[in-house]
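Comments concern the structure below.
In what follows, chains are A, B, ... by sequence order, proteins preceding strands, each numbered from 1.
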Amino acid sequence: MQDLYLHNSQTRRRELFVPANPSHVRVYVCGPTVYDLPHLGNVRAFVDFDVLVRLLRTLYPRVTYVRNITDVDDKINARAAASGEPIGAITARTGAEFQADMAAIGNQPPDVQPCATAHIPEMISVIEKLIAGGHAYEAEGHVLFAVASFSEYGALSGRSPDDLLAGARVEVAPYKRDAGDFVLWKPSAPDLPGWDSPWGRGRPGWHIECSAMSWRYLGTDFDIHGGGSDLIFPHHENERAQSLCAFPGSDFARVWLHNGMLQVNGEKMSKSLGNFFTLRDVLARAPWEAVRLLLLSARYRTVLDFSDTGLTEARDAMDRFYRALQNAPAGAHAPVPEAFLAALCDDLNTPAAIAELHALAGPALAGDAHAAAALKAAGNLLGLLQQRPEDWFRGDGDDSAILAAIEERLAARRARDFARADTIRADLAAQGVVLEDGPTGTTWRRTN
RNA sequence: GGUCCGGUGGCAGAGUGGUGAUGCAGAGGACUGCAAAUCCUCGAAUGCCGGUUCGAUUCCGGCCCGGACCUCCA
């Protein structure tokens with residue numbers, strides 16, 4: 001079997017991936033907070049981890065992929081207060097939109113998508129373990145994690161507790177023992193979501209849900225934890241501290257993977273900056289496979305700058321791949337090519353993998369049916385190239401007017417009335433239909 | 001200010017201690033009524049300064065520039 005190497009952000013090194021149990025690989029990825037439509041930066045992360053899981057599924061017999069849904073959060077509360085829409089309605093609606101968008105970009109559903117609000121008892125249980133172990137304390141109705149109780153605190157994000165204080169941007173609540181202490185549980189006002197707990201009616205802090213739900217579905221130790229690089233601190237640092245202290249002797253996640261941010265015009269795309277495109281904005285301008293190819297055209301760890309040029313190029317590349325696929329006999333199957341698999345096994349080197357796609361497209365276009373079948377098999381690992389080529393080029397819709405115009409143009413060409421033929425072709429082009437005259441006749445495709 | 005990541009042709013983007021992938025764009029040609037698509041050919045890059053080395057784009061140090069994070073974030 002191909003060795004898989006991954007860049008572990010905890011050690012900051014590329015390491016051979018060795019699952020704790022090769023017959024069952026376990027992966028946890030931080031999912032969305034459901035209060036708005038996913039933007040393209042969110043989508044990049046989930047596409048990257050979708051490819052990771054597809055790869056793991058080809059290398060290992062069983063993979064459990066857990067991705068949480070955060071449906072209790074102060075941003076959700078703020079959105080509800082601002083819009084008047086009830087919290088439950090916001091989370092239900094945007095949760096459904098999230099699922100629809102994941103399907104629209106070609107991501108396979110995770111095995112488990114636990115909601116935070118359905119796992120309050122597990123969170124309370126973890127918090128109780130932390131208090132019992134001397135890692136958490138109650139203060140003014142809050143339960144706080146005591147950073148000083150965990151000597152490894154800061155190891156994941158590479159900072160010392162002292163560094164964290166130096167440039168702190170927020171005021172330190174007076175009830176904290178240390179400035180770095182963070183909330184596990186906090187009191188909730190009567191008009192906000194709350195659950196009964198040993199510390200009164202309240203709601204969880206941000207980080208505890210992931211500790212609770214990874215424990216519930218993957219156990220105290222698992223193989224890979226993924227998320228955006230902006231989550232390394234504080235979210236993952238705190239999550240790790242909670243889990244390691246609640247379950248002494250465990251390793252929690254053994255490999256941490258963090259995807260780079262997506263930028264637009266050199267600036268980070270994020271909800272708080274208000275410069276984001278939702279996935280739906282982008283899908284209105286290009287087919288989903290072009291968007292997906294663009295997102296995979298840079299390595300997951302690097303910053304990716306989104307541009308219209310890139311979108312156009314990705315679309316043209318998909319055109320070429322699907323053209324090549326037209327030479328695959330129906331039902332032809334080929335194994336995933338070695339070089340392609342090797343690229344993905346090198347820390348998900350998707351640009352190198354896409355270069356292999358191009359290397360297959362050449363022979364396939366020249367009529368090599370095996371190369372075409374291999375191209376399709378490789379594309380499948382990226383979540384691409386599984387449509388019929390005619391659907392990619394022409395899609396659904398009423399083609400009768402187009403076909404009639406093509407017939408008329410063919411008649412004009414036979415009569416050597418090229419002016420008329422060119423007029424028809426130009427008219428179709430204006431409608432987004434490109435004609436291509438080949439040795440076997442005229443074919444057509446949509447470009448919008 | 002602190003921690004971390006990165007700077008490769010016109011653009012995007014890999015890799016590598018010893019002729020620097022791939023795609024787009026560009027130039028020339030084949031094919032075509034003309035195009036489109038396809039094919040052939042070509043030109044074009046390692047931020048700056050040192051160090052180690054027979055040899056550095058790669059390793060080390062400094063500098064410059066960009067980005068992420070420093071309790072909202074994928």
Checklist entry - Taking atom P in both rG10(B) and rU32(B), what distance in whole Å separates the two? => result 36 Å
Next on the checklist: As an exercise, state the distance from OG1 of Thr117(A) to CG of Asp71(A), rounded to the nearest 0.5 Å.
Outcome noted: 3.5 Å
Checklist entry - From rG15(B), rC34(B), rC5(B), pick the nucleotide closest to the side chain of Arg299(A)? => result rG15(B)
Checklist entry - When rounded to the nearest Å, what value does the distance between C1' atoms of rA14(B) and rA74(B) take? => result 24 Å
Item to check | Nearest-Å distance once atom C1' is located in both rC39(B) and rC5(B) | outcome: 42 Å
Checklist entry - Checking all strands, does Arg323(A) fall into the base, sugar-phosphate, or nothing category for heavy-atom contacts under 4.0 angstrom? => result sugar-phosphate
Next on the checklist: Roughly how many Å apart are rG43(B) and rU53(B), using the C1' atom of each and rounding to a whole number?
Outcome noted: 33 Å
Checklist entry - What is the distance, rounded to the nearest whole Å, between atom CG of Asn8(A) and atom P of rC4(B)? => result 16 Å
Item to check | Sidechain N-carboxylate O distance under 4.0 Å for Asp74(A), Arg203(A) | outcome: yes
Item to check | Distance, rounded to the nearest Å, where Glu436(A) contributes CD and rC39(B) contributes C1' | outcome: 15 Å
Next on the checklist: Of the options rG33(B), rA74(B), rG67(B), whose atoms approach the side-chain atoms of Arg416(A) most closely?
Outcome noted: rG33(B)
Checklist entry - Across all strands shown, which nucleotide pairs with rG6(B) by Watson-Crick or G-U wobble geometry, both distances under 3.5 Å? => result rC65(B)
Checklist entry - Taking the same atom, C1', in rC59(B) and in rG18(B), what whole-Å distance lies between them? => result 15 Å
Checklist outcome for this item: So CG of Leu435(A) and OG1 of Thr443(A): to nearest 0.5 Å the spacing works out to 8.0 Å
Checklist entry - Which nucleotide sits closest to the side chain of Leu231(A): rG33(B), rA37(B), rA74(B)? => result rA74(B)
Checklist entry - Among rU22(B), rG13(B), rG33(B), which is the nearest nucleotide to the side chain of His358(A)? => result rU22(B)
Checklist entry - To the nearest angstrom, how far is Gln263(A) atom CD from rC69(B) atom C1'? => result 14 Å
Checklist entry - Closest nucleotide of RNA chain B for Glu313(A) versus for Leu304(A): which of these residues is on the 5' side? => result Leu304(A)
Next on the checklist: With a cut-off of less than 4.0 Å, is there a side-chain N or O of Asn349(A) near OP1 or OP2 of rG15(B)?
Outcome noted: yes
Next on the checklist: Below 30° counts as parallel, above 60° as perpendicular, anything between as tilted: where do the rings of His225(A) and Trp256(A) land?
Outcome noted: parallel
Next on the checklist: Tell me the interatomic distance from His258(A), atom NE2, to rG6(B), atom C1', rounded to whole angstroms.
Outcome noted: 17 Å
Checklist entry - Does rG20(B) have a Watson-Crick or wobble partner in any strand here, with both distances under 3.5 angstrom, and which is it? => result none
Checklist entry - Which nucleotide sits closest to the side chain of Pro351(A): rA74(B), rA14(B), rC34(B)? => result rA14(B)
Next on the checklist: Which nucleotide, if any, forms a Watson-Crick or G-U wobble pair with rU71(B), using both distances under 3.5 Å?
Outcome noted: none
Checklist entry - If you check every side-chain atom of Arg320(A), which of rG67(B), rU38(B), rA68(B) has the closest atom? => result rU38(B)
Checklist entry - In whole angstroms, how far is the P atom of rC70(B) from the CE atom of Met261(A)? => result 11 Å
Item to check | Test: Glu15(A) and Arg13(A) ion pair at under 4.0 Å | outcome: no
Checklist entry - Does Asp346(A) pair with Arg14(A) as a salt bridge, N-O distance under 4.0 Å? => result yes
Item to check | Nearest-angstrom distance from the residue atom CZ of Arg12(A) to P of rC69(B) | outcome: 16 Å
Checklist entry - For Arg409(A), which contact category applies under a 4.0 Å heavy-atom criterion: base, sugar-phosphate, or nothing? => result base
Next on the checklist: Using Watson-Crick or G-U wobble geometry with both distances under 3.5 Å, which nucleotide pairs with rC31(B)?
Outcome noted: none
Checklist entry - What does Leu435(A) touch in the nucleic acid at a heavy-atom separation under 4.0 angstrom: a base, only the sugar-phosphate, or nothing? => result base
Checklist outcome for this item: On RNA chain B, more 5' by nearest nucleotide between Ile354(A) and His7(A) is His7(A)
Next on the checklist: Work out how far the P atom of rG17(B) is from that of rG13(B), and round it to whole angstrom.
Outcome noted: 23 Å
Item to check | Complementary nucleotide of rA36(B), counting Watson-Crick and G-U pairs under 3.5 Å | outcome: none
Item to check | From rC69(B), rC72(B), rC34(B), nucleotide with atom closest to Asp230(A) side chain | outcome: rC69(B)
Checklist entry - Is Arg445(A) touching bases, backbone alone, or none of the nucleic acid, heavy atoms closer than 4.0 Å? => result sugar-phosphate
Checklist entry - Of all the choices, rA35(B), rG15(B), rC11(B), which nucleotide is nearest to the side chain of Asp346(A) once you look at every atom? => result rG15(B)
Checklist entry - Between rA36(B), rA68(B), rA35(B), which nucleotide has the shortest distance from any of its atoms to the side chain of Ser229(A)? => result rA68(B)
Next on the checklist: What contact category does Glu356(A) fall into here, base, sugar-phosphate, or nothing, at under 4.0 angstrom with non-hydrogen atoms?
Outcome noted: nothing
Checklist entry - Has the side chain of Asp437(A) got a donor or acceptor atom sitting under 3.5 Å from an opposite partner on the base of rC34(B)? => result yes
Checklist entry - Heavy atoms under 4.0 Å, any strand shown: does Gly310(A) hit a base, just sugar-phosphate, or nothing? => result nothing
Item to check | P atoms of rC40(B) and rC49(B), separation to the nearest Å | outcome: 40 Å
Item to check | Ring centroid separation His236(A) to His258(A) under 6.0 Å | outcome: yes
Checklist entry - Between rU46(B) and rA12(B), how far is it from one C1' atom to the other, in whole Å? => result 16 Å
Next on the checklist: What's the closest nucleotide to the side chain of Phe418(A) if the choices are rG33(B), rC24(B), rG15(B)?
Outcome noted: rG33(B)
Next on the checklist: Mind checking if Asp316(A) touches a base, just sugar-phosphate, or nothing, with heavy atoms under 4.0 Å?
Outcome noted: nothing
Checklist entry - Parallel under 30°, tilted from 30 to 60°, perpendicular over 60°: which one fits the rings of Phe150(A) and Phe145(A)? => result perpendicular
Checklist outcome for this item: Across every strand shown, the nucleotide meeting Watson-Crick or G-U wobble geometry with rC59(B) (both distances under 3.5 Å) is rG51(B)
Next on the checklist: Using whole Å, what does the distance between atom C1' of nucleotide rC4(B) and atom NE2 of His236(A) come to?
Outcome noted: 16 Å
Next on the checklist: Which nucleotide, if any, forms a Watson-Crick or G-U wobble pair with rA45(B), using both distances under 3.5 Å?
Outcome noted: none
Checklist entry - Which part of the nucleic acid does Thr309(A) contact within heavy-atom distance under 4.0 Å: base, sugar-phosphate only, or nothing? => result nothing
Checklist entry - Can you say whether the rings of His358(A) and Phe321(A) are parallel (under 30°), tilted (30 to 60°) or perpendicular (over 60°)? => result tilted
Checklist entry - Expressed in angstrom and rounded to an integer, what is the separation of Leu296(A) atom CG from rG23(B) atom P? => result 18 Å
Checklist entry - Just checking Ala317(A): base, sugar-phosphate only, or nothing, at a heavy-atom cut-off of under 4.0 Å? => result nothing
Item to check | salt_bridge(Arg323(A), Glu436(A)) N-O dist < 4.0 Å | outcome: yes
Next on the checklist: When you measure only distances, ignoring hydrogens and angles, does the side chain of Arg425(A) come within 3.5 Å of the base of rC34(B) through a donor and an acceptor?
Outcome noted: yes
